[in-house]
Structure formats: C-alpha cells, structure tokens
*Asks:* 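Supplied in structure tokens, the structure appears directly below.
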Amino acid sequence: MTSRRSLLAASLLLCAAACHRAARPVTPQGAIRSGEEAAAHVAARDVDTRTLRATFKLVLRRPDGSKEASRGAVVVARPDRLRLQIFSFGVVTAYDYTANGERYRIREPLSGAQRVGRFDAAGDEGDVLGDDLRPLFLAPMPSAAPAVRDGGDRYLVASQSPEGRRIAEVSKRSGAIERETLLVGDSPRLVIEYGDFRDVDGVSMPFAIDVTLPGRGVSLAVAVSRYVRNVPVDAGLFEF
C-alpha cells in the first residue's frame with residue numbers, strides 16, 4: 001500500500017472513531033455505578049445523533065519516525081449514508097468515499113480513479129479496510145448481549161458485531177468512553193484513546209483521538225476542529 005493510501009485508510013479509521021464517541025452522561029456528575037449501567041451507556045451512545053458533521057486535522061507517524069499531515073471532513077446521516085473526504089495540502093480532495101444504502105463509490109480525484117459497487121459483492125482484498133465502511137461509521141448492532149467486567153477505575157464492555165469484537169473502556173468517574181479496542185479473532189486490529197472531551201449541544205465529544213495499529217508500527221493523532229450535530233443534511237451529498 002502506498003504512503004497516500006496508508007494515510008487515507010488511517011484517516012477513515014480516525015474519523016469513524018470521532019463520529020461514534022458521542023456519550024451523554026447518565027447522571028449529572030457523569031458517574032457510572034454498575035456494569036449494567038456501563039453496558040447501557042455504550043449501547044445508547046449514538047441514539048441522540050441522527051446526523052453529524054466533523055472536520056479534523058490528522059498526523060500519521062510511520063515506523064521510520066517520519067510524519068505526514070492531512071485534513072478531512074465527514075458527514076453521517078443515520079442509518080445508512082455517509083460521505084468522507086480527505087484533503088491534500090488542506091484544500092484539494094485526494095479521497096472521496098460515499099455510501100448510500102447498499103451502494104458505495106470511491107473516488108481519488110488526483111489520479112482520476114473511481115470505483116462504484118455494492119456491499120453484497122466481493123470487496124478489494126488489497127484495501128486494508130475493504131469497501132464497506134458502514135460498520136465503523138454507522139454503529140452496527142451487536143450480535144449478542146455485551147459482556148462486562150470490572151477493570152478497576154473503568155468498566156470493560158465487550159460486544160460482538162460483524163466487524164469483530166469491540167471492547168469499550170468506560171470511566172466510572174466521568175462516564176466517558178476513554179479507550180476502545182477492535183479485535184479480529186484474538187488479534188487487536190485497532191486501539192483508540194479518547195481525550196479532550198467537550199460539550200457539543202449537551203453531548204460529551206472527544207476532540208483529541210490517538211490511534212495505534214498494533215503490529216504495523218503506525219500511530220496517529222487527530223484533532224477534531226468542529227462537530228455539528230442534528231442539522232439538516234442535503235441528500236444530494238450522498239447521490240452518485
């Protein structure tokens with residue numbers, strides 16, 4: 001995978017993480033008092049967000065110590081539409097991904113490449129994420145009840161979905177989802193740390209996100225510039 005493709009793939013993961021982590025405290029102080037409450041808190045994190053726009057800055061750190069910076073923006077309209085763009089030099093669209101129902105389109109304007117397909121068809125095995133980004137952006141329903149265990153100052157809520165097993169670590173003190181790990185089989189695929197929580201229309205959202213891709217020597221840091229929740233979204237953004 002090229003440097004540019006690596007940055008784009010990482011950007012998608014980062015933006016997905018930013019869009020999923022809305023978490024309304026369950027008490028005025030935000031405290032989580034039981035494992036059952038932690039599980040309910042994780043399950044309800046996306047309920048209040050029907051549409052979401054986010055813009056962000058991203059820095060990719062490679063195994064050799066070099067860095068690459070980029071900017072991006074995403075629009076999500078639940079339950080099944082999203083549009084994500086990654087910008088080269090901050091202004092030129094380098095990657096443009098659209099999902100609308102069962103269809104998707106991937107464009108790379110700088111090279112002129114474009115691909116349109118359906119999610120029920122075989123994906124491109126050369127793409128680290130595959131063509132279906134909906135599980136990352138649109139919070140798939142768990143296939144079974146979550147398992148919860150006490151992790152000291154956090155509750156660990158593990159749920160199984162088509163994308164793999166996801167473990168969310170919920171702070172007992174604040175109610176924030178502070179860390180999340182996505183596993184495929186028994187292997188961690190993605191580890192995400194959330195910080196700099198700020199209120200966005202009554203919902204706590206992370207503005208600082210650090211990501212590690214285990215086994216690949218790659219880490220990322222994202223600074224969200226802005227979230228906009230539950231405003232009308234032009235349906236034309238998702239048409240192709």
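Because the structure is predicted, anything quoted here is derived from the model rather than measured. Positions are given from 1 along the sequence.
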*Asks:* Using 0.5 Å steps for rounding, measure from the CD1 atom of Ile86 to the OH atom of Tyr97.
*Replies:*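 Ile86 atom CD1 to Tyr97 atom OH measures 13.0 Å (nearest 0.5 Å).
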
*Asks:* With Phe238, which residues qualify under ring-ring contact (aromatic ring centres under 6.0 Å, His included), at least two apart?
*Replies:*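 By the ring-ring contact (aromatic ring centres under 6.0 Å, His included) rule, Phe238 matches no residue at all.
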
*Asks:* Among all residues two or more places apart in sequence or in another chain, which pass the side-chain contact (heavy atoms from CB on, under 4.5 Å) test with Ala113?
*Replies:*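 Applying side-chain contact (heavy atoms from CB on, under 4.5 Å) to Ala113 gives Glu108, Ser111.
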
*Asks:* What residues, two or more places apart in sequence or in another chain, satisfy salt bridge (Lys or Arg N to Asp or Glu O under 4.0 Å) together with Glu178?
*Replies:*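 If we apply the salt bridge (Lys or Arg N to Asp or Glu O under 4.0 Å) test to Glu178, skipping adjacent residues, the hits are Arg154.
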
*Asks:* What's the spacing between Arg149 CZ and Ile167 CD1 if we round to 0.5 Å?
*Replies:*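 CD1 of Ile167 is found 7.0 Å from CZ of Arg149.
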
*Asks:* Is a donor on one side and an acceptor on the other found under 3.5 Å between the side chain of Lys172 and the backbone of Gly152?
*Replies:*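 A pair under 3.5 Å: yes.
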
*Asks:* Between the side chains of Arg226 and Thr55, does any donor sit under 3.5 Å from an acceptor?
*Replies:*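 No, because no side-chain N or O of Arg226 sits under 3.5 Å from a partner of the opposite role on Thr55.
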
*Asks:* Could I get the full list of side-chain contact (heavy atoms from CB on, under 4.5 Å) partners for Arg103, not counting sequence neighbours?
*Replies:*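 Checked Arg103 against side-chain contact (heavy atoms from CB on, under 4.5 Å); matches are Asn100, Arg118, Glu239, Phe240.
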
*Asks:* Could you pull out all residues at least two apart from Arg61 that satisfy side-chain hydrogen bond (donor to acceptor under 3.5 Å, both in side chains)?
*Replies:*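 Arg61 satisfies side-chain hydrogen bond (donor to acceptor under 3.5 Å, both in side chains) with no other residue.
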
*Asks:* Applying side-chain contact (heavy atoms from CB on, under 4.5 Å) to Thr51 and Val75, what does each step give before you reach the verdict?
*Replies:* CA-CA 7 Å; Thr51 67; Val75 182; over 6 Å; no

*Asks:* Please check if any side-chain donor atom of Glu37 sits under 3.5 Å from a side-chain acceptor atom of Tyr155, or the reverse.
*Replies:*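 No, Tyr155 and Glu37 have no side-chain donor paired with an acceptor closer than 3.5 Å.
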
*Asks:* Check for a donor-acceptor pair, side chain of His41 on one end and backbone N or O of Ile32 on the other, with a separation under 3.5 Å.
*Replies:*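 Between the backbone of Ile32 and the side chain of His41 there is no qualifying donor-acceptor contact (under 3.5 Å).
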
*Asks:* Can you list everything that forms a side-chain contact (heavy atoms from CB on, under 4.5 Å) with Asp153? Sequence neighbours excluded, please.
*Replies:*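 side-chain contact (heavy atoms from CB on, under 4.5 Å) list for Asp153, sorted by chain: empty.
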
*Asks:* Considering non-hydrogen atoms only, spot the tightest contact between Pro206 and Val224 and give its length.
*Replies:*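 Heavy-atom minimum between the residues: O-CG2, 3.9 Å.
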
